[in-house]
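In this text the structure is predicted, and so the values were computed from the model without any measurement. Each ligand, and each atom within it, is numbered from 1 in the order the structure gives.
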Amino acid sequence: MDISPILPTAVLILIVFYFLWRSKHSRATVLLRLPPGPHAWPIVGNLFQLGKKPHESLHALSLQYGPLMMLRLGMKTTVVASSPAMAKEILKTHDLALAGRSVIETAKALSFHKTSIIWGECGAQWRHLRRIAASELFNPRRLADLQPLRRDQVFRTIRLIFEERGKAVDIGHMAFNTSVNLLGNMIFSSSLFDTHNPATVRFIDAVWKMMKLGGKPNWVDYFPFLRFLDPQGLCRETAKHMKGMYDFADSCIHDRLAARSKNQGSNDSEKDYLDILLDFISEDFTLVGVRGYIAELFIAGTETTTTTIEWVMAEFIRNPQKMKMVRRELDEIVGGNRRVEESDLDSLHYLHAAVKEIFRLHPTAPLLMPHKAESACKIGEFVIPKGSEVMVNVWAMGRDPAIWKEPLEFIPERFLEDENSKLEYKGQNYQLIPFGSGRRMCVGLPLASRMVHLVVASLLHSFEWTLPDGMRCEEMDMSEEFRITLKKSKELNAIPIPRLPHHIY
Ligand code: HEM
């Protein structure tokens, strides 16, 4: 048999197959292109490039590597988005794939993560817990029912400040106490949340210490094999304070259950959050779930609102012209003979613009909460690998000169003019997403927004604020500290001078 034509044909077929395979393979490689990023060092990867202010370092890196970049932080692969377009890809287009969470080690203290909304996987339990928050705790009707309670607590703060008038107030600390009291009273009602009770004081102290611990970078998160050593002791410390919170919650739950077994129960509009949560008790949502839920509300809701209030006050004190504007509005709408009520808030347009400006300039969670890719997905030409941590640098977006004029200045007016007047922070406008967007968006937004506006309006309406020791406003230190939230690194102390008739206080 003459084989000579077979051999060349076979070789030809092999060559064709090879090129077909190669073209398919190289297409796959193109498909699998990872986002660009800085060179990662062995073992530590890019950890040391994060520095003390990761939001700033990541912003600087994004100017070099683009709005979607990848880093290696110890053993973690992290993808960072730094533009509204990329934020939209992550939080809307690929919302489902990227809505996971990689649980940090301190959140595992006393199994907190197992009953948590923040750390929960996007499964049935997480949906159930979120639904309780959205439809029972933070719905407009419930928030309206609890409005007198918030008013009393805010007014209590104003009275305390009035009694100490002339002395410098640590605004951050005062805002923290106010936020804890507001939440504490909505959850437990004032009968249980008594700040003269040593147990309540211990509880508040535990919340405060948890917040301080939460912001510390933990080596175990980057090198999970160190878990059993807990080299910085952060997990042990967190567990100690978490236990303090749980003990308090447990005793409140116990007392309430006892009271409920005697009474017929309160009518719906009189219920506090504890009552509502107890109404949901089931096989899947036990008393352990309720106490975890309570701890979570404090963890998620106090430091965030506190930080925002402190920044709004700091920017107003530093900008007397803007302070005049907001005062003019308060005097017009509220006047000088009564306190601010929540019903006034809708008419305080300048104040709303100022709070938006703070969310832009000093977002409380500059990188949101890290998400996790539950499955791989493709953004543009890049692939986000399954299991990566995904962050959105909202701080960088808020200071991008391509989006905002004079981005480093505090100019509330920008939200009253032109196109920007339509911008909201409720997750639709990706250049302003301090609460995130999509299925993982902050579930406490309706309450947070009321708390921040009410507290700030009351502080500005009730007092003039001057700086201690003759400090001039331009000398104020406005630097930031990256903790669990983006705090003002130097606390804001200011002296209150009453501006209303004294009988109003
Ligand atoms: C100014 C105040 C607040 C800000 C700026 C804020 C911001 C945020 C952000 C950025 C997230 C993560 C979004 C994401 O992962 O993409 C979040 C989640 C969350 N926030 Fe807030 N928050 C505030 C107040 C509150 C309050 C008052 C509560 C409740 C009392 C609350 C409860 C939660 C919860 C439960 C989550 C987890 C949602 C989930 O993972 O499904 N937040 N918040």
Engineer: Return the orientation label for the Trp465 and Phe463 ring planes: parallel under 30°, perpendicular over 60°, tilted otherwise.
Structural biologist: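 Aromatic pair Trp465/Phe463 classed perpendicular.
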Engineer: What protein heavy atom sits nearest atom 29 (C) of ligand 1, and how far away is it?
Structural biologist: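 Ranked first by proximity to atom 29 (C) of ligand 1 is Phe138 CZ, 3.7 Å.
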Engineer: Quick test: of every protein heavy atom, which one is nearest to atom 42 (N) of ligand 1, and how far off is it to 0.1 Å?
Structural biologist: Cys442 SG, 3.0 Å
Engineer: Can you report which non-hydrogen protein atom sits closest to atom 27 (C) of ligand 1, along with the distance?
Structural biologist: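 Scanning the protein heavy atoms, the shortest distance from atom 27 (C) of ligand 1 goes to Gly301 CA, 3.5 Å.
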Engineer: At a 4.0 Å threshold, what atoms of ligand 1 neighbour a non-hydrogen atom of Leu297?
Structural biologist: 30 (C)
Engineer: Distance to the ring centre below 6.0 angstrom and angle to the axis at most 45 degrees; does that hold for Arg339 and Phe155?
Structural biologist: yes
Engineer: Just go through Val443, Leu447, Thr308, Thr302 and tell me whose heavy atom is the nearest to atom 35 (C) of ligand 1.
Structural biologist: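 Ranked by closest heavy atom to atom 35 (C) of ligand 1, first place is Val443.
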Engineer: Tell me which protein heavy atom sits closest to atom 33 (C) of ligand 1, plus the residue, atom name and distance to 0.1 Å.
Structural biologist: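 In this structure, atom 33 (C) of ligand 1 has Ala300 CB, 3.6 Å as its nearest protein heavy atom.
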Engineer: Kindly determine whether Phe188 and Phe248 satisfy ring pair (Phe, Tyr, Trp, His ring centres under 6.0 Å), including the steps that lead there.
Structural biologist: CA-CA 11 Å; Phe188 300 118; Phe248 181 81; 5.4 Å; yes
Engineer: Around atom 36 (C) of ligand 1, find the nearest protein heavy atom and jot down its residue, atom name and distance.
Structural biologist: Ile118 CG1, 3.9 Å
Engineer: In a check of side chain to side chain donor-acceptor pair (under 3.5 Å) between Tyr350 and each of Glu329, Arg327, Glu413, which one passes?
Structural biologist: Glu413
Engineer: Return the option from Ala365, Pro434, Ala448 holding the heavy atom at the smallest distance from atom 7 (C) of ligand 1.
Structural biologist: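 When every heavy atom of Ala365, Pro434, Ala448 is considered, Pro434 comes closest to atom 7 (C) of ligand 1.
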Engineer: Would Arg440 count as a polar contact of ligand 1, with the cut-off being nitrogen or oxygen pairs under 3.5 Å?
Structural biologist: yes
Engineer: Tell me whether Lys88 at atom NZ has more than 12 heavy atoms from other residues, nucleotides or ligands lying less than 6.0 Å away.
Structural biologist: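 Result for NZ/Lys88: open.
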Engineer: Considering non-hydrogen atoms of the protein only, which is the closest contact for atom 4 (C) of ligand 1, and what is the distance?
Structural biologist: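 Of the protein heavy atoms, Phe435 CE2, 3.3 Å lies nearest.
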Engineer: What atoms of ligand 1 come within less than 4.0 Å of a heavy atom belonging to Thr364?
Structural biologist: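 Answer, ordered by atom number: 5 (C).
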Engineer: So for ligand 1, is Arg101 a polar contact partner (N or O within less than 3.5 Å, distance only)?
Structural biologist: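 Yes, there is a polar N/O contact under 3.5 Å.
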Engineer: If we set the cut-off at 4.0 Å for heavy atoms, which region of Met451 has an atom near ligand 1: side chain, backbone, both, or neither?
Structural biologist: neither
Engineer: Between Phe285 and His128, how do the two ring planes meet: parallel, tilted or perpendicular, split at 30° and 60°?
Structural biologist: perpendicular
Engineer: Can you confirm whether more than 12 heavy atoms, excluding those of Glu481, are under 6.0 Å from its CD atom?
Structural biologist: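 Counting other residues, nucleotides and ligands, CD of Glu481 exceeds 12 neighbours.
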Engineer: With respect to Ser116, which candidate in Arg101, Lys108, Glu296, Gln125 satisfies the side chain to side chain donor-acceptor pair (under 3.5 Å) definition?
Structural biologist: Glu296
Engineer: Considering only the protein, which heavy-atom contact is closest to atom 16 (O) of ligand 1, and what is its distance?
Structural biologist: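 Residue, atom and distance for the closest contact: His371 NE2, 2.8 Å.
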Engineer: So if I apply the ring-ring contact (aromatic ring centres under 6.0 Å, His included) rule between Phe359 and each of Phe410, Trp311, Phe435, Trp395, which one comes out positive?
Structural biologist: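 Between Phe359 and the candidates, ring-ring contact (aromatic ring centres under 6.0 Å, His included) is satisfied uniquely by Phe435.
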Engineer: What protein heavy atom sits nearest atom 38 (C) of ligand 1, and how far off is it?
Structural biologist: Arg130 NH1, 3.4 Å
Engineer: Return a yes/no value for Trp126: is any of its N or O atoms, backbone included, closer than 3.5 angstrom to an N or O of ligand 1?
Structural biologist: yes
Engineer: Could you give me the CA-CA distance, side-chain angles and deciding distance for Tyr246 and Phe112, then say whether ring pair (Phe, Tyr, Trp, His ring centres under 6.0 Å) is met?
Structural biologist: CA-CA 10 Å; Tyr246 278 177; Phe112 172 65; 7.1 Å; no
